[in-house]
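Only heavy atoms go into these numbers, but all of them, side chains included; no hydrogens, no water, no symmetry mates.
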Amino acid sequence: MNPASAVEIADVLRETSAVAIFSHIRPDADTIGSALALGLALRSRGVQVAVSFPGPEALPDTLRELPGSELIVDDADLAPAPVAVAVDAATVERLGGLASVFSASERTVCIDHHVSNSGFADLDLIDATADCTAVLVLDVLDALGAELTKEVATCLYAGLVTDTGSFKWARPASFLVAGRLTAAGVDSAHWSRVLMDSHPFGWFAMVSAVLATARLDETACGGAGLVYAVVDAEQMAPMSWEDGESVVDIVRTAREADVTAVFKEATPGRWNVSLRSTAQVDLVPIAGSLGGGGHTRAAGYSDRGTADEVVARLRAAL
């Protein structure tokens, strides 16, 4: 790791004429919001900016509503830049097919809040005590002396509200940041609904079918308990990956289990697994043992095989 402060990163950004900003695969509101906020602030200073994320998953429609989405270019069109900034990516592999473009850039920066991030850039701003990457981007923008416009604040708010679960598990500092962002003009009620409480009607049928097959093992994890559900490829097909991801927030409400797992089959035999814990179990070593990473209470990984095989591997890891 090459630890760097917000001031050091701001100094690099202040001197460059062009920046490429990289979000991670299956982009969520924190990685896209962080990227667009940084991009908008730099563009206002005359910097040439391109934002991108690796496929094959498309950007959810809700995130395309964020200010600055015109900065997003197709991953095939993103080229190495004088400065490349990865936001909210715990490893360079999370940049998917863009990892080589990132590494080929003249100067690389990583801004992230995942405890599993060991650093992979020339300058690493990594703070696992931050609730989201967006608040670290705000630190960089403050060091840069950038104006906190309504548009920039809205993008940062997207990362903050989603990564704290509408502030259900926010640290005190996050409420102070939320105050700054709403004071800058963010319509918090609108964006909370768009980002957290909005699904296509077909989502109800999918959730109903998935919840009907959920399983509970109160003896798992040394008695902490495990609840899990499987979303197969047929159920996922009409949904965006974002709508499939939202299932974990329903399943995790089972009070008998500290650990929640939702297995989502992106394509036949290819799974993305979301893990959550309530209070007792540290998910980082579990996800790490299966090739993933994340936070103490929220982590994930990818796997291949049948549903029974991927469930069995997680149960063995637990």
Side-chain angles (χ1 to χ4, degrees), residues 24-26 28-30 88 90-91 94 112-117 128-132 162-171 196 203 206-233 235-236 239 241-266 269-318:
H24 60 65
I25 194 168
R26 295 185 297 279
D28 57 17
D30 193 22
D88 200 46
T91 64
R94 288 284 285 160
D112 185 40
H113 72 128
H114 291 89
V115 68
S116 58
N117 194 329
T129 68
D131 280 333
C132 59
T162 54
D163 264 29
T164 59
S166 287
F167 302 100
K168 288 195 292 287
W169 45 83
R171 294 175 172 89
M196 306 288 291
W203 178 83
M206 182 271 287
V207 169
S208 176
V210 169
L211 295 183
T213 61
R215 295 289 180 265
L216 172 67
D217 181 356
E218 296 184 61
T219 67
C221 308
L226 166 70
V227 61
Y228 65 91
V230 176
V231 189
D232 64 30
Q235 293 166 322
M236 280 291 295
M239 299 290 112
W241 74 264
E242 181 186 41
D243 289 315
E245 178 68 16
S246 65
V247 175
V248 73
D249 292 318
I250 302 174
V251 179
R252 72 184 303 175
T253 61
R255 63 168 56 101
E256 296 90 345
D258 186 69
V259 175
T260 300
V262 173
F263 301 84
K264 297 152 295 179
E265 192 176 26
R270 176 175 164 261
W271 301 82
N272 299 314
V273 186
S274 295
L275 302 175
R276 301 291 186 270
S277 72
T278 302
Q280 302 177 50
V281 178
D282 182 355
L283 298 173
V284 172
I286 296 168
S289 72
L290 295 164
H295 308 286
T296 300
R297 301 287 173 244
Y301 63 96
S302 299
D303 203 352
R304 292 181 180 272
T306 66
D308 288 343
E309 289 168 345
V310 296
V311 170
R313 274 192 284 273
L314 174 63
R315 292 178 66 87
L318 293 176

Side chains of [X] and [Y]: does their closest heavy-atom pair fall under 4.5 Å?
{"X": "Phe263", "Y": "Asp303", "result": "no"}
{"X": "Ile286", "Y": "Val281", "result": "yes"}
{"X": "Val210", "Y": "Val262", "result": "no"}
{"X": "Arg26", "Y": "Asp28", "result": "no"}

Report summary line: salt bridge (charged side-chain N to carboxylate O under 4.0 Å, His left out) pairs touching residues 276-289, sequence neighbours excluded, are Glu245-Arg276
[Y] backbone acceptor or donor facing [X] side chain under 3.5 Å:
{"X": "Asp258", "Y": "Ala279", "answer": "yes"}
{"X": "Arg255", "Y": "Thr253", "answer": "no"}
{"X": "Asp131", "Y": "Ala170", "answer": "no"}
{"X": "Trp271", "Y": "Val310", "answer": "no"}

Can you name the nearest heavy-atom pair linking [X] to [Y], along with the distance?
{"X": "Leu283", "Y": "Ala299", "answer": "CB-CB, 3.9 Å"}
{"X": "Lys264", "Y": "Ser274", "answer": "NZ-OG, 2.5 Å"}
{"X": "Trp203", "Y": "Ser246", "answer": "NE1-OG, 3.0 Å"}
{"X": "Ala128", "Y": "Arg171", "answer": "O-NH2, 3.8 Å"}
{"X": "Leu275", "Y": "Ala261", "answer": "CD2-CB, 3.7 Å"}
{"X": "Thr296", "Y": "Ser277", "answer": "O-OG, 3.5 Å"}

Report the distance from atom [atom1] of [X] to atom [atom2] of [Y], rounding to the nearest 0.5 Å.
{"X": "Arg315", "Y": "Arg215", "atom1": "CZ", "atom2": "CZ", "answer": "11.0 Å"}
{"X": "Leu318", "Y": "Arg313", "atom1": "CG", "atom2": "CZ", "answer": "13.5 Å"}
{"X": "Asp112", "Y": "His24", "atom1": "CG", "atom2": "NE2", "answer": "8.5 Å"}

Requested in this report: Tell me, with the steps shown, if Gln280 and Thr278 meet side chain to side chain contact (heavy atoms under 4.5 Å, CB included).
Outcome: CA-CA 6 Å; Gln280 302 177 50; Thr278 302; over 6 Å; no
Query raised in the report: In chain order, what residues pass the salt bridge (Lys or Arg N to Asp or Glu O under 4.0 Å) check against Arg252, with sequence neighbours excluded?
Result: Asp249
Contacts table for residues 222-233: side-chain donor-acceptor under 3.5 angstrom, sequence neighbours left out:
| unit_1 | atom_1 | unit_2 | atom_2 | d |
| --- | --- | --- | --- | --- |
| Asp232 | OD1 | Glu234 | N | 3.1 |
| Asp232 | OD1 | Gln235 | N | 2.8 |

Requested in this report: Measure the acute angle between the ring planes of His113 and His295, then classify it against the limits of 30° and 60° as parallel, tilted or perpendicular.
Outcome: tilted
Query raised in the report: Please walk me through it: do Asp88 and His114 pass side chain to side chain contact (heavy atoms under 4.5 Å, CB included)?
Result: CA-CA 8 Å; Asp88 200 46; His114 291 89; 3.3 Å; yes
